[in-house]
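To keep things clear, I will list the structure first and then write my remarks on it.
Quantities reported herein were computed from a predicted structural model and do not represent experimental measurements.
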Amino acid sequence: DGSTVLQHRDWSPFGLPRPRRAHEALVSWFTSLLWGGFFKPRYRDMIVEAAQEDGEELARVLADAVGRRWGRRLWLAAAKGRPEESELWASQLRRAVMRRALARAPLQTIGGRLHFYLAEARLHLNPPIPWLTVLGPDGSGKSTLLAGLRDRWPRSLGSVHTHHLRPHRLSRNKASAGPVVDPHRLPPRGALTSVAALIFVMSDWWIGYWTRIVRERAKHGFVVFDRHLLDVLVDPLRYRYGGPSWVARAACRLVPQPDVVVVLDAPPVVVRARKQEVTPAESERQSLAYRRLATEVARAHLVDATVAPEQVLEAVTTIVRRHMRATASQSRGAGGEPDRRGGRSGVHGNQHSGTAL
């Protein structure tokens, strides 16, 4: 408890108070072990030194935390210079700590756990970092943008989790099979088969979102999707969809919706200079279709993809930062309702370029 830590504090060479070595070792050791189930290597030397220089007190606080049997086992691991072995015992140690906490202060322990679960639920329902989807024709620079986001995203804001098209919870992700060089090679499926495949994709979206994407976002992860089910509205032949267009539109509205949609915009001549996977007429049609989609989809931003990749990256990160600021202001009750049709302008498809931002 805090009073014991304060009562037995040591003093640094600069005259500042610091925890006793055994107490500091216990807290550093157990924090990651109990909550994350892993051992932090940077604490190894400090724990080993505590076992050597303050071993009696370390043995006492370990037994006090997890009981004599597990306390002895942990102390021996530290004394032998192998505290990382405790990572294998994380589940048993959690249960031991919980049992002793319940015996000492049952109401406080139960209340603390409920508070923790409520905080976790809030993080799952309202993650702090927006979920981004990147759309655009082949050759618009989606892969370059995603690579830039992975490299330059501040680690202090969490890690970047990239996905292709859907969560792939019900089937293996085939994105690793290689790039698509002829997206229109196969004919579309029949109407009934197409609708059945659409239902499967919708199921994968809902199951994958609540079992994978939500967890990644709750851990302060930045989730980025390369393509989305919305793509079937622009290029149904790519996904061999031969069903009614109204069914596809309904499916796009029913799956989980990203917080921010970025549509990379480039004229067909620029796209075909980078990739020539479809005919010139199809490139022209897709370019117009993506622009139209950006005006129809909520939270969509049309970004000029003809500028340098660094400018495109800056434009997209500016959009994400703006969304995060608006969400934070809304949660504080100071910023009002963030516009759901592309920032705060009230226009469906806001045009963004790297130079403008």
Side-chain angles (χ1 to χ4, degrees), residues 30-38 40 90-91 94-95 97-98 101 108-134 146 149-150 153-171 173 199-230 251-262 297-300 316-317 319-340 343:
F30 274 33
T31 299
S32 57
L33 190 63
L34 295 180
W35 292 107
F38 61 92
K40 287 188 177 180
S91 297
R94 284 194 189 105
R95 289 193 292 269
V97 169
M98 180 59 67
Q108 182 180 356
T109 301
I110 293 172
R113 295 300 291 178
L114 289 176
H115 178 77
F116 168 76
Y117 290 132
L118 287 174
E120 284 288 295
R122 285 195 294 268
L123 277 176
H124 281 72
L125 295 174
N126 188 26
I129 300 177
W131 160 33
L132 173 67
T133 290
V134 181
L146 264 64
L149 288 171
R150 284 193 297 266
W153 183 254
R155 293 296 178 260
S156 59
L157 293 180
S159 55
V160 178
H161 303 273
T162 57
H163 301 271
H164 179 72
L165 189 60
R166 57 189 176 91
H168 291 276
R169 202 61 169 171
L170 298 182
S171 62
N173 189 346
I199 293 173
F200 173 83
V201 171
M202 291 173 61
S203 302
D204 182 72
W205 261 109
W206 280 107
I207 294 173
Y209 182 80
W210 287 105
T211 61
R212 173 179 293 174
I213 307 304
V214 162
R215 292 176 58 190
E216 292 174 350
R217 300 186 66 197
K219 294 182 179 295
H220 289 252
F222 181 33
V223 174
V224 183
F225 266 78
D226 172 18
R227 298 189 181 274
H228 186 271
L229 185 59
L230 291 164
C252 290
R253 288 193 295 267
L254 291 175
V255 296
Q257 301 297 309
D259 296 312
V260 178
V261 177
V262 166
V297 174
R299 310 176 180 91
V316 173
T317 53
I319 293 169
V320 173
R321 287 196 298 265
R322 183 189 305 160
H323 180 91
M324 293 174 67
R325 285 195 296 266
T327 303
S329 298
Q330 181 189 0
S331 65
R332 292 193 301 265
E337 177 68 21
D339 183 62
R340 296 300 186 184

Evaluate the side-chain contact (heavy atoms from CB on, under 4.5 Å) criterion for residues Trp206 and Arg169: first the C-alpha distance (whole Å), next the side-chain angles of each, then the deciding distance (0.1 Å), finally the verdict.
-> CA-CA 9 Å; Trp206 280 107; Arg169 202 61 169 171; over 6 Å; no
Name the one of Asp259, Leu149, Val261, Val223 that satisfies side chain to side chain contact (heavy atoms under 4.5 Å, CB included) with Leu132?
-> Leu149
Check the pair Val255, His228 against side-chain contact (heavy atoms from CB on, under 4.5 Å), reporting the backbone distance first and the verdict last.
-> CA-CA 10 Å; Val255 296; His228 186 271; 3.9 Å; yes
Give a yes or no on whether the backbone of Cys252 and the side-chain of Gln257 come within a donor-acceptor separation of less than 3.5 Å.
-> yes
Using only heavy-atom distances, determine whether the side chains of Thr133 and Arg299 contain a donor-acceptor pair under 3.5 Å.
-> no
Heavy atoms, side chains only, cut-off 4.5 Å: are Val224 and Val160 in contact?
-> yes
Kindly say whether His124 contributes a backbone atom to a donor-acceptor pair with the side chain of Arg217 at under 3.5 angstrom?
-> no
Side-chain contact, heavy-atom cut-off 4.5 Å: Ile213 with Phe225?
-> yes
Quickly, which of His115, Glu120, Arg113 forms a side chain to side chain donor-acceptor pair (under 3.5 Å) with Tyr117? Name it, please.
-> Arg113
Tell me, with the steps shown, if Met98 and Thr109 meet side-chain contact (heavy atoms from CB on, under 4.5 Å).
-> CA-CA 8 Å; Met98 180 59 67; Thr109 301; 3.6 Å; yes
Verify the ring-centre separation between Trp131 and His323: is it less than 6.0 angstrom?
-> no
When rounded to the nearest 0.5 Å, the distance separating CE of Met324 from CD1 of Ile319 is 14.0 Å
Is the side chain of Arg212 donor-acceptor paired with the backbone N or O of Pro167 at a distance under 3.5 Å, no angle test?
-> yes
Search all heavy atoms of Arg94 against all heavy atoms of Gly36 and return the closest pair with its distance.
-> NH2-C, 3.8 Å
Between atom CH2 of Trp205 and atom CG of Leu165, what is the distance when rounded to the nearest 0.5 Å?
-> 7.5 Å
His163 side chain near Glu216 side chain, heavy-atom distance below 4.5 Å | yes
Taking every heavy atom of Leu123 against every heavy atom of Pro128, the minimum-distance pair comes out as CD2-CD, 4.0 Å
